[in-house]
Amino acid sequence: MNKSAQSVFIEYMRDNGFAMTPQRKVIVETFLETEGHFTAESLCELVKNKVPDVGQATIYRTLKLLVESGLADTIDGLDGTALYEHDYGHSHHDHLICVRCNKKIEVFDEAIEKRQEEVAEEYDFKLTRHRMYLYGVCSDCAE
Ligand SMILES: [Zn+2]
Ligand SMILES: [Zn+2]
């Protein structure tokens, strides 16, 4: 597993007075092993396969801490369900979201990124982060 991501999380927990319990450790490990976009429910299932007695509330709380510590990011699904993905150590990307099959395609465009900085600058606004979702129909669904 990714040691540096784990140490970032442990540091965040310590700085904010949270205990790193064995259960939380399993949740963090499972999160780091899970690639792509996933729901909190699917992470719960994976964690419970390893440690059946972990409560759902503990998993949700830990996911929230993963987001706050910068390890995880959320994407809004079409039906309002949040999806999670790795953030720490992953290069920035934005998303194309298919409104039919809900597929998320990760994209990066230098010109769009630069333009966003320029727009912010025009308003004397310091950008710290952004999310861009472009909704439409993917090639599989267009047929
Ligand atoms: Zn971007
Ligand atoms: Zn589609």
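We count ligands from 1, going down the list as the structure has it; atoms in each ligand are counted the same way. If you're wondering where the values come from, they're calculated on a predicted model, not measured in any experiment.
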Undergrad: Would you say H93's side chain and D109's backbone share a donor-acceptor pair under 3.5 angstrom?
TA: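 Judged by distance alone, no pair lies under 3.5 Å.
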Undergrad: Taking the Zn ion (ligand 2) as the vertex, measure the angle between atom SG in C138 and atom SG in C101; round to 10°.
TA: 120°
Undergrad: Got a sec, which hydrophobics cluster with L46, joining ILVMFWY side chains under 4.5 Å apart, including via others?
TA: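 Hydrophobic cluster check, L46: no partners found.
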Undergrad: If we ignore hydrogens and angles and just use 3.5 Å, is the side chain of R24 paired with the main-chain N or O of T62 as donor and acceptor?
TA: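 Not at all, since once roles are kept as given, no pair shorter than 3.5 Å links the two residues.
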Undergrad: If you group Ile, Leu, Val, Met, Phe, Trp and Tyr by side-chain heavy-atom gaps below 4.5 Å, do L96 and V99 land in one group?
TA: no
Undergrad: Can you tell me which N/O/S atom of E113 has the shortest distance to the Zn ion (ligand 1)?
TA: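 The atom in question is OE2.
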Undergrad: Report the angle formed at the Zn ion (ligand 2) by atom SG of C141 and atom SG of C98, rounding to the nearest 10°.
TA: 110°
Undergrad: Under 2.8 Å from the Zn ion (ligand 1), is there an N/O/S atom belonging to H130?
TA: yes
Undergrad: Can you tell me if D94 has an N, O or S atom under 2.8 Å away from the Zn ion (ligand 1)?
TA: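 Yes, since at least one N, O or S atom of D94 sits under 2.8 Å from the Zn ion (ligand 1).
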Undergrad: When you look at Y60 and E41, which way does the side-chain hydrogen bond (donor to acceptor under 3.5 Å, both in side chains) test go after all the steps?
TA: CA-CA 9 Å; Y60 277 73; E41 292 84 65; 2.8 Å; yes
